[in-house]
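Values below: all heavy atoms of this structure, side chains included; hydrogens, waters and symmetry mates excluded.
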Amino acid sequence: MLNKKNLIVALTIFSAAFFSLNAQEVTKTGTTAAKFLSIGIGPRANAMGAAFTSVANDASAMYWNPAGIAQIQNYQAIFTYTKMFAGLNLNYFGVVVPTGSFGTIGVSVTALNYGKMEVTTELHPEGTGQMFSAGSYAFGLSYARYITDMFIVGGSFKYIREDISNSSAQGIAFDIGTIFTTPFYGIKFASSITNYGTKMRMTGEDLLVQHDTDPQRFGNNSSLDAYLSTDAFELPLKLQIGISREFTFLNNQRLILAFDANYPNDNTQWINLGGELSLFDNTVYLRGGYKSLFQKDSQEGLTLGFGIRYSQSGSYSIALDYAFQKFKYLENTHSFAVMFSF
């Protein structure tokens with residue numbers, strides 16, 4: 001059985017290992033495909049500084065830590081909309097279905113819309129008058145269940161696709177996560193690995209060119225159809241470790257404090273901090289946090305948000321959430337969500 005001294009030693013070792021990893025020079029920034037998979041889902045989690053790995057207990061858990069959906073006791077559906085910089089919009093839809101002793105199942109769809117863009121060429125740098133579109137999509141299937149009363153495990157399978165004009169790339173990925181409620185004051189310890197999967201390579205009609213296989217020869221066909229071969233890129237793999245604790249005070253008012261450590265394959269490491277204050281019998285929620293603490297050249301920082309929940313006892317509930325995220329150079333982002341439980 002663990003004791004408080006052992007827990008403190010474990011946390012100290014973890015922190016030392018985390019910061020020693022952060023000292024490495026090679027970051028591989030900008031070397032992964034499907035980078036939209038790194039955009040946080042849901043205003044509740046985003047408002048808490050994305051420190052959500054061990055908190056995850058709603059339908060957005062399918063993104064943060066699939067083990068978390070096992071804590072959902074009713075049918076639940078969520079739709080989120082995030083207004084980003086440069087006219088980008090990220091949408092997410094998820095449904096979670098508890099099945100009793102079998103476990104909990106969830107499905108999700110993520111879509112990043114880039115909008116319409118004008119075709120430009122070296123001869124027409126201001127535009128040809130033709131338009132093209134681009135988009136990134138992920139379709140997920142999640143499953144989680146309690147192994148013991150204190151330990152949950154879950155996983156997700158995702159099909160990923162990115163399109164631009166007449167070309168596309170596709171791949172598959174897996175997420176796996178755990179949540180352990182420790183015997184120490186209800187502290188939760190969680191871990192998740194996301195986007196472990198295949199590499200993605202762009203293919204399509206836009207890569208079709210006319211090619212001369214031997215420019216030194218005369219009389220041969222100098223305009224054979226050929227496809228350009230593009231490089232294959234890894235997915236944005238990330239390991240997350242989270243710790244959180246819930247405090248209850250003043251007639252069932254609640255405060256959750258959370259901490260996440262993130263170790264990605266395409267950037268330096270960072271820490272997220274966040275909290276959620278629940279008031280008036282879980283009707284009003286105030287949230288705040290800080291993202292990407294200690295990350296080299298971080299562009300993110302303060303996060304804030306709130307939520308309102310209306311519940312009809314024994315029937316259904318509806319929650320509306322909002323989050324604000326501050327960026328150093330880019331436009332600040334705003335996230336909105338509506339969630340139904342029934």
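For F174 and F157, the ring centers sit closer than 6.0 Å to each other. With ring centers used as reference points, F306 lies 6.0 Å or more from Y285. Ring centroid separation for the pair Y92 and Y63 does not come in under the 6.0 Å cut-off.
Listed by chain and residue number, nothing satisfies the salt bridge (Lys or Arg N to Asp or Glu O under 4.0 Å) test with K199 (two or more places apart in sequence, or in another chain).
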**OP:** Decide side chain to side chain donor-acceptor pair (under 3.5 Å) for E162 and S136; before the verdict, give the C-alpha distance in whole Å, the side-chain angles of both, and the deciding distance to 0.1 Å.
**Re:** CA-CA 4 Å; E162 293 196 293; S136 300; 2.8 Å; yes
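Using a 4.0 Å cut-off between charged side-chain N and carboxylate O, E246 and K188 make no salt bridge. Salt bridge status for K35 with D266: present, with a side-chain N to carboxylate O gap under 4.0 Å. Between R201 and D231, none of the side-chain N atoms (NZ, or NE/NH1/NH2) sits under 4.0 Å from a carboxylate O, so this pair counts as no salt bridge.
The heavy-atom pair separating I105 from L141 by the smallest distance is CG2-CD1, 4.1 Å. Between I39 and M84, the shortest heavy-atom distance links the atoms CD1-CE, 3.7 Å.
Counting only N and O atoms by type, the side chains of N267 and K296 include no donor and acceptor under 3.5 Å apart. A donor and an acceptor atom, one from each side chain of E234 and T32, are nowhere located under 3.5 Å apart.
Looking at M339 and D58, their side chains come closer than 4.5 Å, going by heavy atoms from C-beta outward.
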